[in-house]
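Quick notes on the structure that follows.
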Protein chains: 2
Amino acid sequence: MIRILLADDEHLIRGAMAALLSLEDDLEVVAQAATGAEAIATARVVRPDVAVIDLQMPDLDGVAVAQSLARELPTCSTMIVTSHGRPGHLKRALAAGVRGFLPKTVSSDVLATVVRTVHTGGRYVDPALAAEAISAGDSPLTPREADVLELALEGAPIEEIARRASLSPGTVRNYLSSAVGKTGASNRHEAARFARAKGWI
Amino acid sequence: MIRILLADDEHLIRGAMAALLSLEDDLEVVAQAATGAEAIATARVVRPDVAVIDLQMPDLDGVAVAQSLARELPTCSTMIVTSHGRPGHLKRALAAGVRGFLPKTVSSDVLATVVRTVHTGGRYVDPALAAEAISAGDSPLTPREADVLELALEGAPIEEIARRASLSPGTVRNYLSSAVGKTGASNRHEAARFARAKGWI
DNA sequence: GGCAACTCATGACATCTGTCATGAGGAACT
DNA sequence: AGTTCCTCATGACAGATGTCATGAGTTGCC
């Protein structure tokens, strides 16, 4: 019997996935959590075999949870399910020791199969997401460029970005100009959206 | 027995919700669809009592589906479930004749209850979403301002917005300037994000 | 008919942004 | 020690953008 921890902030989906997994004879959902913090706390107590974590949760993001779990419970395999598969997340997730990475568009059969796969030490990444990640390539942005571009995401004026990054406005413009060049965009807003889509920020 | 059509592009969630609803004695999921078009086509054939539609789907948006269903199958009550509850959608949905509007954070009990409620002619809107919609208020934007602002969402330069809206660049700047003033933003990108958050575009 | 609101446009002006040249300082690698 | 890259900064310039005044044409309402 594989003991599973399920974490997703959407009750409906969490409950539904629990119902699905419980239909399998060899799977058992032993705990559920609605936030990242709750997931970690619960995992410490119930020590599940496999943790199925939603990528986007109100507090901690799924990858952060995976990182904690990998450190605290090495025997627990973590897999992530997500609605919006952005390439950058996959890369971060694998680096955090995640063993499975799936979009929520997969069927329940696949979900159950992957739970078994990661439990026996295997890995599974959704082929479509993997292809996307490969085609997205590595980020050409320097760390600082990425920082600044991220602050530009919400549409703030340069003045504010400079304050929030503790940089001079001129420097901010230089980084943004460089980022715009690297992304092929025609202004920082387009560049920011592009970089976000590629998972670079 | 209430006959239900379920539409959601995420297999996992659709299958899971179907499993949950089927646990109820008086509910029966008679059809499932992964896209808006598919949902409409299927509904024409199976003529369900209640349609449970996801708001965001690859082709048609949930509200558009609801509109078609209301016209073609007046006996079928439509309800919408969604992950990201933006105020504007709720307003549009109610205008389209949707009888139930829920975030996916609700429990399965609530889902089943609401299915029964809309089937008997009642209405149900999640209280939190309703509150949000009220606090968002009515859009102060004129239709054209909203159009132009929407084109500005992706960060395109004015030149391109003008082409896509078939307007002169000067006119586009006027509309955007007006929209920026009304939203209290400091540039069109911030204004666009703000308006989107309020559900105005 | 008169009024108000919306749509579309032009021109002028100030400011904001994007681009480029340039340079100092630090870290990493050979 | 030399090279390369990143970080941070300044100054200058052109072009993009935001703001304002103004006006013509349309529609809907009283």
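Throughout, a chain's letter reflects where its sequence line sits, starting with A, and its residues are numbered from 1.
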Discussion item. Whether A/Lys104 and B/Asp9 form a salt bridge (side-chain N of Lys/Arg under 4.0 Å from carboxylate O of Asp/Glu) is what I want to check.
Written reply: no
Worksheet, complete the sentence: B/Arg173 atom CZ is separated from C/dA14 atom C1', nearest whole Å, by 12 Å
Practice prompt. Determine, step by step, whether B/Leu111 and B/Val81 satisfy the side-chain contact (heavy atoms from CB on, under 4.5 Å) criterion, reporting the C-alpha distance in whole Å, the side-chain angles of both residues, the deciding distance to 0.1 Å, and the verdict.
Written response: CA-CA 9 Å; B/Leu111 179 66; B/Val81 293; 4.2 Å; yes
Item to complete: Can you label the angle between the A/Trp200 ring and the A/Phe194 ring as parallel, tilted or perpendicular, going by 30° and 60°?
Response: perpendicular
Worksheet item: Would you call A/Glu160-A/Arg164 a salt bridge at under 4.0 Å N-O?
Response: yes
Worksheet item: Any ion pair linking B/Asp54 and B/Arg14 (charged N to carboxylate O, less than 4.0 Å)?
Response: no
Item to complete: Take B/Leu94 and B/Leu90 through the side-chain contact (heavy atoms from CB on, under 4.5 Å) test and state the conclusion after the steps.
Response: CA-CA 6 Å; B/Leu94 291 178; B/Leu90 174 53; 4.0 Å; yes
Review item, nucleotides 6-9 of chain C N/O atoms under 3.5 Å of protein N/O:
residue: C/dT7; atom: OP1; partner: B/Arg144; partner atom: N; Å: 3.2
residue: C/dT7; atom: OP2; partner: B/Thr142; partner atom: OG1; Å: 2.7
residue: C/dC8; atom: OP2; partner: B/Arg144; partner atom: NE; Å: 2.3
residue: C/dA9; atom: OP2; partner: B/Ser168; partner atom: N; Å: 2.7
residue: C/dA9; atom: OP2; partner: B/Thr171; partner atom: OG1; Å: 3.2
residue: C/dA9; atom: N6; partner: B/Asn174; partner atom: ND2; Å: 3.2

Worksheet entry | Electrostatic pair B/Glu72:B/Arg44 at N-O distance under 4.0 angstrom | yes
Discussion item. Does anything in residues 187-201 of chain B come within less than 4.0 Å of DNA chain D? Heavy atoms only, and list the residues if so.
Written reply: B/Asn187, B/Arg188
Worksheet item: Atom CG of A/Asp147 to atom P of D/dT7: distance rounded to whole Å?
Response: 8 Å
Worksheet item: Got a sec, which residues hit side-chain contact (heavy atoms from CB on, under 4.5 Å) with A/Ala128, two or more places apart in sequence or on another chain?
Response: A/Asp126
List, one per line, each side-chain donor-acceptor pair under 3.5 Å for residues 131-141 of chain A, sequence neighbours excluded.
residue: A/Ser135; atom: OG; partner: A/Glu132; partner atom: O; Å: 3.1
residue: A/Ser139; atom: OG; partner: A/Leu141; partner atom: N; Å: 3.1

Practice prompt. Would you write the dot-bracket representation of DNA chain D, where each base gets (, ), [, ], | or . depending on whether it forms a Watson-Crick or G-U pair under 3.5 Å and with which partner?
Written response: ||||||||||||||||||||||||||||||
Practice prompt. Kindly write out the residues that satisfy salt bridge (charged side-chain N to carboxylate O under 4.0 Å, His left out) with A/Arg86, not counting sequence neighbours, or none if the list is empty.
Written response: none
Worksheet, complete the sentence: Taken to the nearest whole Å, CD1/B/Ile158 to P/C/dC16 is 16 Å
